[in-house]
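Report on the structure given below.
If you read the sequence from its start, that first residue is 1, and numbering goes on from there. Whatever order the structure lists ligands and atoms in, that order sets their numbers, starting from 1.
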Amino acid sequence: MSSILENRMLQVEERIKRACERSGRSREDVQIIAVTKYVSLDTTIDALEHGLRHLGENRWQDAQAKWEAISSNEQLAAEGGQPVWHFIGSLQTNKVKDVIGKFTYIHSLDRLSLAQAIDKRASQLGIIVPCFIQVNVSGEDSKHGIEPKQLFSFVVQLQQFKSLQPIGLMTMAPYEAEPEQTRFVFRALRGLRDELQQRTPEVQSITQLSMGMSNDFEVAIEEGATWIRLGTTLVGKEEE
Ligand SMILES: *Cc1c(COP(=O)(O)O)cnc(C)c1O
């Protein structure tokens, strides 16, 4: 198992490095989230023992057992191997009480009612939750996220929430056999980030871009991704 993981990590690292070189970016500006939703607890611990630090899960129901086992794993804690958890899936308002306080980052902020629920829970816990606003750039009906033209007023409305900090934008590109075809999606998200910086100078915290998955992460890096979310190509996909 480990050597398969080591190989995948090396290959991914090489591909990230080359994408950074092609686009004149520094390797340190791109962080990896290992998406463990398709793999077992053992594989997830293996990933942590190999130095992966950021874990992504997209459903609380599926992540709960893993989260509990890892959080109480004293050996991992002693080795400094406790992860930073990223919630990357769409978040139901009634799951906010479970997720906030356990997952450090939320990548799927897509509506005001969710912002309100996160803010309320975070304020009870006395924490500030860094969030990515999910934008539906590709316009597919099947994708979550707010529409680009609603982004500016959404960001302004978020200002009322003191326990939630918008730190970036997130998107998912459609699956394409030819990854180059996804470029317009990532470029558009970066454009929105840049426009936000100009139009809403009061919200300078929105700097990061969570974009790129196994199939398209190199294109996303070339277009400015600061967080890439890698499942299959990094930690694999196991059958149930
Ligand atoms: C599953 C998932 C990923 C990772 O998918 P892979 O194609 O396996 O890399 C990334 N982001 C989100 C939001 C996901 O749900």
Side-chain angles (χ1 to χ4, degrees), residues 4-5 7-16 19 30-41 43-44 46-48 50 52-64 66-67 83-92 95 99 103-111 114 118 130-146 167-183 185-186 188-189 208-240:
I4 297 177
L5 179 64
N7 260 326
R8 289 209 191 98
M9 286 174 69
L10 286 172
Q11 275 171 18
V12 163
E13 190 52 44
E14 192 53 39
R15 290 170 64 187
I16 294 173
V30 182
Q31 302 209 63
I32 302 173
I33 299 169
V35 176
T36 49
K37 68 186 184 196
Y38 301 126
V39 301
S40 65
L41 173 63
T43 304
T44 306
D46 197 26
L48 293 172
H50 278 79
L52 291 167
R53 265 305 140 268
H54 294 275
L55 295 187
E57 286 278 340
N58 71 335
R59 281 168 57 93
W60 172 243
Q61 297 94 304
D62 299 336
Q64 181 171 9
K66 219 179 264 172
W67 186 90
V84 176
W85 294 86
H86 296 248
F87 197 87
I88 62 173
S90 76
L91 181 54
Q92 291 169 270
K95 295 293 184 305
V99 166
F103 284 72
T104 304
Y105 293 89
I106 304 297
H107 288 247
S108 49
L109 179 59
D110 62 355
R111 58 196 190 279
L114 179 61
I118 293 173
C131 294
F132 292 83
I133 301 166
Q134 184 169 356
V135 185
N136 184 356
V137 175
S138 65
E140 292 170 285
D141 287 345
S142 61
K143 293 272 191 285
H144 290 272
I146 66 170
I167 60 163
L169 305 179
M170 179 274 212
T171 201
M172 290 172 77
Y175 178 86
E176 296 287 354
E178 178 47 66
E180 187 57 37
Q181 304 280 319
T182 62
R183 187 176 297 276
V185 174
F186 302 135
L189 196 71
Q208 308 198 35
L209 295 172
S210 167
M211 59 188 196
M213 303 171 33
S214 291
N215 186 55
D216 51 27
F217 69 92
E218 289 151 299
V219 180
I221 290 171
E222 289 169 13
E223 294 300 329
T226 60
W227 295 89
I228 53 175
R229 309 179 308 266
L230 303 180
T232 322
T233 201
L234 181 62
V235 292
K237 190 169 188 168
E238 296 162 357
E239 300 304 324
E240 291 283 318

query: Looking at Lys37 and Glu57, does any basic side-chain N land under 4.0 Å from a carboxylate oxygen?
result: no
query: Should you measure from each heavy atom of Arg229, which atoms of ligand 1 turn up under 4.0 Å away?
result: 4 (C), 9 (O), 10 (C), 11 (N), 12 (C), 13 (C)
message: Please list, in number order, the atoms of ligand 1 under 4.0 Å from a heavy atom of Asn58.
response: 15 (O)
message: When you compare ligand 1 with Met213, is there at least one nitrogen or oxygen pair between them that comes in under 3.5 angstrom?
response: no
Min heavy-atom dist Tyr38 to ligand 1 below 4.0 Å: yes
query: Can you tell me if Thr233 has a non-hydrogen atom under 4.0 Å from ligand 1?
result: no
message: Parallel, tilted or perpendicular: which one describes the rings of Trp60 and Phe103, with boundaries at 30° and 60°?
response: perpendicular
- request: If the plane angle is over 60° it's perpendicular, under 30° parallel, otherwise tilted; pick one for Trp85 and Trp67.
  value: tilted
Quick test: of every protein heavy atom, which one is nearest to [atom], and how far off is it to 0.1 Å?
atom	answer
atom 14 (C) of ligand 1	Lys37 NZ, 2.9 Å
atom 8 (O) of ligand 1	Thr232 OG1, 2.5 Å
atom 13 (C) of ligand 1	Ile88 O, 3.5 Å

How close do [X] and [Y] get, counting heavy atoms only, and between which atoms?
X	Y	answer
His144	Gln134	O-NE2, 3.5 Å
Ser108	Gly89	OG-O, 2.6 Å
Ala47	Leu5	CA-CD2, 3.7 Å

